[in-house]
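Order of appearance sets the numbers: ligands from 1, and atoms from 1 within every ligand.
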Amino acid sequence: MFRSGAFVAEYVSPTADDQIQPNGVDLTLDVVFEQLEPGRIGRDGKQIGDRVARPLEELEQKAPDTYYLPEGAYVARYGERIQIPEGHVGFVYPRSSLMRNSCMLNTAVWDAGYEGRGEGLLQVHHDVEIARGARIAQLVLAEADHEDAYDGSYQGENLD
Ligand SMILES: O=c1ccn([C@H]2C[C@H](O)[C@@H](COP(=O)(O)OP(=O)(O)OP(=O)(O)O)O2)c(=O)[nH]1
């Protein structure tokens, strides 16, 4: 069973009222990265390629800070600290307005026990402007059986 947005909000912080949706919680864009060097996925381990944060453009009439993104693939870091509670699994979907603007967010599985400020692959198929702090995605939580809880290399990532 998928949980309500009000339930999901207990595990996402900070959360403003306009982020709470019937079936999940909207996630905002914090930082956009561009990958510079190849990474590696091995049989026994992985390496994330070097990356650099995209500059925030000072666009007239576009305050607050806005990213102007030409066509390409970027890694987007969300602005919220997310916890996936025991007995659950998380999925992130793009906000439909992103998709309707020819952009897409590709995501993976959010494991029970994970905590951090995670990332997604932002695919820009047509130039777009996205304000820092704008809502770009939605996290939903489904009840799920599991044996162990998440204890991988991304545990606690990007927390201050
Ligand atoms: O789109 C996503 C999906 C998941 N995560 C977070 C939550 C998840 O629990 C964690 C690890 O994901 P995964 O298990 O797929 O990572 P891995 O590549 O197998 O690495 P490791 O084994 O070190 O965890 O990353 C994201 O930030 N973005």
Side-chain angles (χ1 to χ4, degrees), residues 1-5 7-16 19-54 67 69 71-125 128 130-160:
M1 188 190 80
F2 282 85
R3 308 305 298 257
S4 70
F7 176 89
V8 178
E10 292 175 38
Y11 299 94
V12 177
S13 65
T15 314
Q19 287 174 257
I20 304 173
Q21 304 298 332
N23 302 105
V25 166
D26 286 342
L27 302 178
T28 63
L29 176 65
D30 184 21
V31 186
V32 175
F33 297 96
E34 215 168 344
Q35 188 157 344
L36 299 176
E37 299 290 338
R40 177 178 156 78
I41 307 289
R43 291 193 206 172
D44 195 14
K46 79 276 185 187
Q47 195 178 336
I48 305 303
D50 284 350
R51 45 165 75 169
V52 65
R54 287 278 305 180
Y67 285 106
L69 300 175
E71 214 175 306
Y74 304 90
V75 175
R77 180 177 297 162
Y78 305 115
E80 292 74 21
R81 177 189 194 115
I82 293 168
Q83 280 178 271
I84 307 298
E86 300 267 323
H88 291 79
V89 60
F91 301 102
V92 167
Y93 293 93
R95 188 174 168 195
S96 99
S97 299
L98 197 69
M99 195 181 72
R100 294 165 202 257
N101 269 318
S102 307
C103 298
M104 192 59 191
L105 197 59
N106 281 0
T107 65
V109 172
W110 296 70
D111 304 283
Y114 167 86
E115 183 170 4
R117 285 203 307 142
E119 300 177 338
L121 177 65
L122 178 60
Q123 294 178 332
V124 174
H125 297 286
V128 70
I130 308 179
R132 191 174 192 195
R135 293 176 292 119
I136 57 164
Q138 184 170 174
L139 170 71
V140 298
L141 288 175
E143 285 181 319
D145 293 338
H146 57 92
E147 294 187 354
D148 304 319
Y150 184 68
D151 190 25
S153 58
Y154 302 109
Q155 184 65 298
E157 64 181 331
N158 307 317
L159 299 178
D160 302 325

Item to check | Y11: partners by ring-ring contact (aromatic ring centres under 6.0 Å, His included), with sequence neighbours left out | outcome: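 Scan of Y11 (ring-ring contact (aromatic ring centres under 6.0 Å, His included), adjacent residues dropped) gives F7.
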
Next on the checklist: For R51, is there an ion pair with E119 - N to carboxylate O distance below 4.0 angstrom?
Outcome noted: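 Yes, charged N to carboxylate O under 4.0 Å.
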
Checklist entry - So, the side chain of Q19 versus the backbone of A9: is there a donor-acceptor pair under 3.5 Å, distance only? => result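 No; zero donor-acceptor contacts below 3.5 Å.
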
Item to check | Criterion side-chain contact (heavy atoms from CB on, under 4.5 Å) against R77, the qualifying member of N158, L122, L29 | outcome: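 With R77 as partner, N158, L122, L29 yield a single side-chain contact (heavy atoms from CB on, under 4.5 Å), made by N158.
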
Item to check | Pairs meeting criterion side chain to side chain donor-acceptor pair (under 3.5 Å) with involvement of residues 23-32, two or more places apart | outcome: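 Matches after skipping sequence neighbours: Q21-D26, D26-R135, T28-E80, D30-R117, D30-R132.
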
Next on the checklist: List the protein residues in contact with ligand 1, where contact means a heavy-atom separation under 4.0 angstrom.
Outcome noted: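 Residues K46, T107, A108, V109, W110, D111, Y114, G118, E119, Y150, G152, S153, Y154, E157 each place a heavy atom under 4.0 Å from ligand 1, listed by chain and number.
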
Checklist entry - If you look only at pairs with a residue in residues 138-160, which of them pass as a ring-ring contact (aromatic ring centres under 6.0 Å, His included), with sequence neighbours excluded? => result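 Found Y114-Y150.
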
